[in-house]
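Reading through the structure tokens given below for one structure.
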Amino acid sequence: MKFARKKSFHKSVFILCVLCASVARCFSLDREAFSITNYDVNAQVDPEQHRLGVRGKITLRNDSAAPQKIAVLQVSSSLDWRSIKAGDKPLQFVRQPYTSDIDHTGSLSEAIVTLPQEVAPHGTIDLDIAYEGVIVLDATRLTRIGAPEDAAKNTDWDQIGPDFTAVRGAGYVAWYPIATDVANLSEGDSLFEVLARWKAREAGAKQHVKISLSRNSEGPTLQLVVDKGSCVVSRKDSGQEQQIESECNFHSPGLVIPFFAVADYGNVDRDSITVYNLRTHAAPAETYVDAAEKAAPLIREWFGPAREKAQTIDLPDGNSAAYEIGAFRFTPLSSDSKLIGIAAAHQLTHASFSSPRPWIEEGLAHFSQTLYLEQEKGRRAALDYIGTHRSALNAVEAPMSTPRSEDEVNRSLINTVNEELYRSKAMCVWWMLRDMIGDAALKKAIAAYKPEQDKDPSYMPRLISAQTQRDLEWFFDDWVYRDHGRPNFKVESAYAQKTMNGSFLLTITLENQGGAGAEVPVLIKSTRGEITKRIEVRSKSKTTVRVEMPTAPQEIVVNDGSVPESETKDNVFKVAAPKS
Ligand SMILES: [Zn+2]
């Protein structure tokens with residue numbers, strides 16, 4: 001498989017070399033030399049024909065250190081480049097397919113454009129562009145690495161069609177131009193790395209996107225759903241012809257990935273959320289908004305008032321995987337209603353709070369799910385939920401090994417592009433912080449956070465430290481700035497003595513053999529109930545504590561599941577009967 005793909009890559013380089021005037025330049029083709037700093041595009045959507053046609057103007061900026069005469073522009077392989085001009089002058093360009101998993105088709109239509117003159121480093125050039133084609137359901141990038149067809153289509157559900165249209169941006173469908181190196185799903189985090197690099201390069205880009213839709217045939221009234229906060233939607237229906245237009249201006253410090261959906265949607269609108277439902281899903285839409293309204297007070301209490309209204313878009317196939325873009329969520333409303341509450345809590349958190357850093361943005365949104373579960377069903381239910389994320393973590397982190405030094409940096413929460421880490425691990429980190437400093441202090445730190453002031457990875461840790469007397473530097477170093485692996489606790493010894501006044505004094509020595517320290521809850525059981533003591537044990541060290549109890553201690557259980565540990569076989573300890 002890998003061999004076949006490599007071969008096609010070399011083949012395309014070869015074709016390109018024959019076509020290029022300069023072979024030397026061809027081999028130094030730098031796909032990420034230019035960033036697109038301004039998009040001004042008009043997209044025409046024709047659901048009956050599955051078609052998309054785009055015309056517009058983009059500005060390229062040379063982000064490389066060398067002057068560039070060649071620019072690379074890419075769109076989905078199901079779209080064709082029609083023209084590329086600078087001013088009124090049509091530019092020479094070579095079309096070629098470029099295998100990359102950044103698009104659902106597993107390939108891009110690449111235009112290798114010869115610019116009218118070299119663009120100096122930091123210099124810019126405006127181009128007029130036109131491309132068109134179809135966007136149909138296509139899961140090639142997943143099926144070719146062995147995913148079963150059904151599972152692949154449940155993930156890559158983007159399409160333009162008469163009954164249902166939903167198109168996400170790069171990472172799913174490159175329906176607007178991008179310029180990226182190859183992303184390969186069979187090579188670890190390659191796709192996430194390419195996407196993260198692309199988003200970082202284009203952060204702050206100006207985006208003006210117009211989407212027009214027309215439909216001449218009879219049929220239900222279509223609704224165009226786009227980001228309401230940044231777009232204005234207008235209808236110009238005449239007779240049988242439906243015409244809808246949306247004009248969007250995105251002003252965001254990060255890059256906004258524009259998306260759109262079209263179907264015969266109804267909607268349910270409440271204070272915290274609008275749900276767009278397919279006509280057959282009116283009842284589950286009500287269930288969803290009810291769940292959101294129920295979660296809303298808790299989310300407000302932790303993350304402040306909503307900055308925007310959450311919006312949920314229904315997907316027709318109940319097996320489709322949900323997908324989120326900030327406070328927007330695509331989800332099949334017909335799917336399992338048990339998960340609706342935690343989905344709503346997550347979505348509302350994004351509507352209230354945002355951060356350019358994934359471990360904060362997504363970590364807190366997942367943390368809010370545990371808060372919601374704790375409110376609804378108690379701490380145990382929240383810890384069980386954390387447990388389900390821990391298995392995802394086990395899959396990406398070798399539990400027993402200490403991270404290699406480059407992984408310590410690359411896989412740290414501040415740097416990682418790995419979803420399991422910035423979602424599941426970050427969620428555990430927020431839960432541990434809350435256990436260590438308390439609800440009130442953590443809420444204050446979250447309230448003090450301003451995304452536009454987050455210029456340094458230590459900004460959030462400093463806000464948290466400011467709310468507590470405790471030294472947390474070791475904790476941030478083990479869990480946030482570095483990946484020091486996980487703790488591994490062991491009760492080294494525990495013995496009880498009867499005191500003069502008839503109570504019992506238990507002395508516990510807890511050892512942490514792992515690379516990361518933590519404060520861990522320790523449950524001490526006796527014949528008449530149990531007590532919990534929290535014990536801080538730094539990495540590769542021991543802590544001894546004494547606990548006075550009214551009855552003789554019998555058993556010690558370390559870690560209630562709130563601290564992600566590399567292994568837990570030494571976590572239960574039988575205490576010998578005290579000598580009297
Ligand atoms: Zn999220």
Side-chain angles (χ1 to χ4, degrees), residues 155 157 166 168-172 189 191-192 195-196 199 203 227-230 250 252-259 261 272-275 288 291-292 295-296 298-300 302-315 320-333 335-336 339-373 382 385-386 388-390 392-393 396 413-414 416-431 434 446 449 451 454 460 480:
T155 304
W157 36 254
R168 296 169 280 184
Y172 291 89
D189 290 333
L191 173 59
F192 300 111
L195 274 172
K199 284 183 194 168
D227 181 350
K228 249 206 274 190
S230 307
F250 298 105
S252 159
L255 179 71
V256 178
I257 300 185
F259 62 89
S272 63
I273 194 165
T274 306
V275 173
Y288 198 96
L298 176 77
I299 303 305
R300 224 176 3 253
W302 272 89
F303 304 100
R307 298 168 299 114
E308 59 182 311
K309 200 173 210 176
Q311 294 171 75
T312 299
I313 307 172
D314 195 3
L315 296 173
S320 294
Y323 177 76
E324 57 170 6
I325 306 168
F328 243 102
R329 186 177 173 86
F330 285 94
T331 195
L333 290 170
S335 70
D336 194 358
L339 300 173
I340 279 178
I342 52 171
H346 186 111
Q347 199 183 347
L348 294 183
T349 305
H350 286 316
S352 282
F353 183 94
S354 90
S355 165
R357 299 183 191 277
W359 80 274
I360 302 176
E361 166 95 354
E362 290 306 333
L364 281 176
H366 285 282
F367 171 62
S368 79
Q369 299 180 299
T370 64
L371 294 171
Y372 174 82
L373 277 171
Y385 180 70
I386 290 175
T388 62
H389 277 261
R390 215 166 30 241
L393 262 188
V396 291
L413 285 187
I414 56 169
T416 187
V417 295
N418 183 293
E419 282 201 277
E420 273 78 20
L421 296 176
Y422 69 68
R423 291 178 186 275
S424 302
K425 183 175 179 175
M427 176 187 74
C428 297
V429 165
W430 288 107
W431 180 277
R434 174 212 186 195
I446 292 169
Y449 181 87
D454 190 346
M460 183 54 130
V480 178

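Computed from a predicted model, the values in this text were never measured in an experiment. Just so you know, ligand 1 is whichever comes first in the structure, and atom 1 is the first atom listed for that ligand.
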Aromatic ring proximity, centroids under 6.0 angstrom, Phe330 and Phe259: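 Centroid distance Phe259-Phe330: below 6.0 Å, so yes.
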His366 backbone or side-chain N/O/S under 2.8 Å from the Zn ion (ligand 1):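 Given the 2.8 Å cut-off, His366 does not count as a ligand of the Zn ion (ligand 1).
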Metal site the Zn ion (ligand 1): N/O/S of Glu361 inside 2.8 Å: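 Not a single backbone or side-chain N, O or S atom of Glu361 is under 2.8 Å from the Zn ion (ligand 1).
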Opening angle between OE2 in Glu324 and NE2 in His346, taken at the Zn ion (ligand 1), to 10 degrees: 120°
Of all N/O/S atoms in Glu362, the name of the one nearest the Zn ion (ligand 1):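 Checking each N, O and S atom of Glu362, the shortest distance to the Zn ion (ligand 1) belongs to OE1.
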Pairing residues for Thr416 by the side chain to side chain donor-acceptor pair (under 3.5 Å) criterion, not counting sequence neighbours: none
With sequence neighbours excluded, residues passing side chain to side chain donor-acceptor pair (under 3.5 Å) with Glu362: His346, His350, Arg423
Stacked cation flag Arg434 on Phe367, 6.0 angstrom / 45 deg: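 Because its charged atom misses either the 6.0 Å distance or the 45° angle limit, Arg434 does not stack over Phe367.
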